[in-house]
Undergrad: 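Let me give you the structure first, and then I'll get to my questions.
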Number of protein chains: 4
Amino acid sequence: MIINLDMQSELPIYSQLVYQIIEGVASGELQLGEALPSVRNLAADIGVNLHTVNKAYTLLKQDGYIQIHRQKGVVVNPDGMPPVTDDFLNKQRQELRPIIAEALCRGMSKEELSTVLSDIYEEIKHPY
Amino acid sequence: MIINLDMQSELPIYSQLVYQIIEGVASGELQLGEALPSVRNLAADIGVNLHTVNKAYTLLKQDGYIQIHRQKGVVVNPDGMPPVTDDFLNKQRQELRPIIAEALCRGMSKEELSTVLSDIYEEIKHPY
Amino acid sequence: MIINLDMQSELPIYSQLVYQIIEGVASGELQLGEALPSVRNLAADIGVNLHTVNKAYTLLKQDGYIQIHRQKGVVVNPDGMPPVTDDFLNKQRQELRPIIAEALCRGMSKEELSTVLSDIYEEIKHPY
Amino acid sequence: MIINLDMQSELPIYSQLVYQIIEGVASGELQLGEALPSVRNLAADIGVNLHTVNKAYTLLKQDGYIQIHRQKGVVVNPDGMPPVTDDFLNKQRQELRPIIAEALCRGMSKEELSTVLSDIYEEIKHPY
DNA sequence: GTGGTCTAGACCACC
DNA sequence: GTGGTCTAGACCACT
């Protein structure tokens, strides 16, 4: 899987890592139970610090996206992805709110927004 | 207009300010051309430093949401809001992408996402 | 003569006034010895404070562009415009330097810059 | 690179910094991709507050002259300088206009002005 | 009274 | 170590 980092982004590198792995699962490029590179290997591959990869993996584990086994290494959670909890929905709304407010302000209609959302949805699901 | 700040949030205070003012315009609570509080007044009202407010105002001005008149004060841009540029759409997609990837991963359908979006859209537009 | 002020410009209003009057003389719209509106009238016409107009006139007088007579009012200096002094040339170079550096940085050639300069020169001289 | 600040100038210190760095790039003293001093180092070197340097760097970043890498430092944009956009040309004309009007008023010919411009252009390009 | 600038000094996240 | 954010308090130009 190809990881694409923007070193100038305001987003921390570990967050970018988290999102790229989540997107990998969302697109099907990463299967449930599939092994991920070790912290050490991934860090070397993408040229970032060990701590950075570690932080990303730890966050992914906390949210239930991956499992970290002492010896076997890191795998995408074979029991499936975390469910849509109320906490998640609240967080999602908080993140969407300012984006939608800005769009509304600039005159985008609900339909236009829906189209953008739908576009991205399909783009992630079928990245080929 | 009521400003609601979360001092514990990971979002910088000035960003929260920016979004709340944008939402104020989006909801119609702030009219085009309407005066905003002076830097110092707003800072005192919400209990933050004047530089923090200043930064928020400066960002809003850069994006064309407000005008800062020399020694007269700050007003919502009377010439209307900034348009939907390609830059804006790109930025919007970049912000939406990880949110949608996460939703997809957890099994939300496109329709469910659209409903959430629609909900928030109306919530902002009709906050009563 | 039509005065055009930009209340949002970073340039102080009195400076804008100074430049517009200088441009009026440069274009020939204002003749040597021609009367300018009184401080009071001009302030009322363009909707700014008396002090602002006063400051502009005072600066113009200091540089020798106009004369201010107690009773007769304000006139464009009938003895001609101030000469090209070394001080003026130094000030001019200081002002031009950052503009030219920026142009050079972005890849404008000396010829392109000269064309822009020539354009503006003619535009001011023949504003019709 | 030697930075020369005039603390008495009407130009804000951060603007002087911006222009000096742009001139450094224009003259070739600063190469594309070259590292600039950290905010704190530069501030200490030239004896100003770190916020002042920060503001200069932020402005340079906004215009595309430099890149600010997360926790790694500041470099001259390795992808080249920002292009000559219409916005830039408009801003340039606005800045040149009053300077040219004044010169015209005092009787400088187009050729004299062109010579001054050419002088400064070469002076910046070949500062030795 | 307005925003613009500057200082001094602090804490934080990231790497 | 880096930049990002925030505070407190000051002076200035402009209107």
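Below, chains carry the letters A, B, ... as their sequence lines are ordered, and counting in each starts from 1. No hydrogens, no waters, no symmetry mates; every other heavy atom, side chains included, goes into these values. Everything quoted here is computed from the prediction, not taken from an experiment.
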Undergrad: Which sits closer to the 5' end of DNA chain F, B:M7 or C:M7, going by the nucleotide each is nearest to?
TA: B:M7

Undergrad: From the 5' end of DNA chain E to its 3' end, which nucleotides mark the outer limits of contact with chain A, defined by a 4.0 Å heavy-atom distance cut-off (strictly under)?
TA: E:dC14 to E:dC15

Undergrad: Looking only at heavy atoms, what is the nearest atom pair of A:Y57 and A:S38, with distance?
TA: CE1-C, 4.4 Å

Undergrad: Would you mind checking if C:K91 and D:E102 are paired as a salt bridge, meaning a charged N to carboxylate O distance below 4.0 Å?
TA: yes

Undergrad: If you measure from CG on A:N4 to CD1 on A:I46, what distance do you get to the nearest 0.5 Å?
TA: 10.5 Å

Undergrad: Between C:H51 (NE2) and F:dA13 (P), how many Å, whole number?
TA: 16 Å

Undergrad: B:N54 CG to F:dC12 C1': how many Å, rounded?
TA: 15 Å

Undergrad: How far apart are the closest heavy atoms of B:Y14 and B:K55, and which atoms are they?
TA: CZ-CE, 3.8 Å

Undergrad: Cation-pi between D:R106 and C:F88: NZ/CZ under 6.0 Å from ring centre and within 45° of the ring axis?
TA: yes

Undergrad: Give the minimum heavy-atom separation between B:Q20 and B:I3, together with the two atoms involved.
TA: OE1-CA, 3.7 Å

Undergrad: Testing the basics here: between D:A26 and C:C105, what is the closest heavy-atom pair and its distance to 0.1 Å?
TA: N-SG, 3.9 Å

Undergrad: DNA chain E: D:L11 or B:P37, which has the more 5' nearest nucleotide?
TA: B:P37

Undergrad: Work out which heavy atom in C:L11 is nearest to a heavy atom in C:Q16; give both atom names and the distance.
TA: O-NE2, 3.0 Å

Undergrad: Which pair of heavy atoms, one from B:M1 and one from B:G24, lies closest together, and at what distance?
TA: CE-CA, 3.7 Å

Undergrad: Assuming nearest nucleotide by heavy-atom distance, tell me which of B:G47 and C:N49 is located more 5' along DNA chain F.
TA: B:G47

Undergrad: Pick base, sugar-phosphate or nothing for A:V48, based on heavy-atom distances below 4.0 Å to the nucleic acid.
TA: nothing

Undergrad: Can you give me the dot-bracket string for DNA chain F, 5' to 3', counting Watson-Crick and G-U wobble pairs with both distances under 3.5 Å, using [ ] for crossing pairs and | for partners on another strand?
TA: ||||||||||||||.

Undergrad: Please determine whether a side-chain nitrogen or oxygen atom of C:Y14 lies at a distance below 4.0 Å from atom OP1 or OP2 of F:dT15.
TA: no

Undergrad: Starting at the 5' end of DNA chain E, which residue's closest nucleotide do you reach first, B:L36 or A:S15?
TA: B:L36

